[in-house]
Amino acid sequence: MTKGNTIGALILGAAVGVALLKYYSMSPEERQEFIAHLKNKAHDLLDDAEGTVDKVKQHFAEIDSKPSPVDKLFVFKRLVSDLFGSEKRYLI
C-alpha cells in the first residue's frame, strides 16, 4: 500500500467512525441534516482536490515531526476538524 493510499484510508476510517457514532445518537431530523452536511463537505473537498491534498500533506508532515504519539493525535484531530468541521459542531 502506498503512502497516499494509507493516508486516504486513515482519513476515511476516522471520518466514518465519527460519523457512525454521531449518526446513531441523533434524531431522524438531525440525521438528515448531518448526511446533507457530509455530502456538501465531500463535494467541497473533491471540488478543491488539490487544496485538500496540500492540507493533508501539510498535516502529515507535522505529524512526522512530532516526537510523542499524543502530539501526533492532536495534529490528526486538527486535520479531521479542518477537513470535516463546520460552524455547527457535528463532531464529538
Side-chain angles (χ1 to χ4, degrees):
M1 188 176 249
T2 66
K3 187 174 181 178
N5 289 343
T6 304
I7 291 170
L10 195 64
I11 291 171
L12 182 60
V16 168
V18 169
L20 285 174
L21 285 172
K22 189 65 180 173
Y23 183 79
Y24 285 110
S25 68
M26 295 177 160
S27 69
E29 295 83 23
E30 289 174 319
R31 286 181 184 181
Q32 289 178 343
E33 186 179 337
F34 182 63
I35 293 298
H37 168 75
L38 288 179
K39 285 180 183 178
N40 289 336
K41 288 304 273 187
H43 287 292
D44 291 346
L45 291 172
L46 289 173
D47 288 343
D48 184 28
E50 190 173 308
T52 302
V53 169
D54 289 342
K55 277 186 194 178
V56 171
K57 284 182 181 179
Q58 210 172 30
H59 281 84
F60 272 88
E62 188 176 347
I63 287 171
D64 289 340
S65 72
K66 298 292 182 182
S68 84
V70 173
D71 291 336
K72 291 179 184 207
L73 286 174
F74 281 121
V75 174
F76 185 73
K77 179 184 176 204
R78 192 169 3 114
L79 168 64
V80 173
S81 294
D82 285 349
L83 293 177
F84 295 101
S86 72
E87 304 80 35
K88 186 171 181 178
R89 302 295 294 183
Y90 288 105
L91 299 176
I92 297 171

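Of the candidates Val16, Thr52, Leu79, Val80, Ile11 forms a side-chain contact (heavy atoms from CB on, under 4.5 Å) with just one, namely Leu79.
Distance alone, capped at 3.5 Å, places no donor-acceptor pair between the His37 side chain and the Glu33 backbone. At distances below 3.5 Å, at least one donor-acceptor pair connects side-chain atoms of Ser65 with backbone N or O atoms of Glu62.
The NE2 atom of His43 lies 8.0 Å from the CG atom of Asp47; values are rounded to the nearest 0.5 Å.
Counting all heavy atoms, side chain and backbone alike, Asp82 lies closest to Lys55 at O-NZ, 4.1 Å.
In this structure, Ile35 is a member of the same hydrophobic cluster as Tyr24, with clusters built from ILVMFWY side-chain heavy atoms closer than 4.5 Å.
In terms of the salt bridge (charged side-chain N to carboxylate O under 4.0 Å, His left out) criterion, Arg31 has no residue partners (sequence neighbours excluded).
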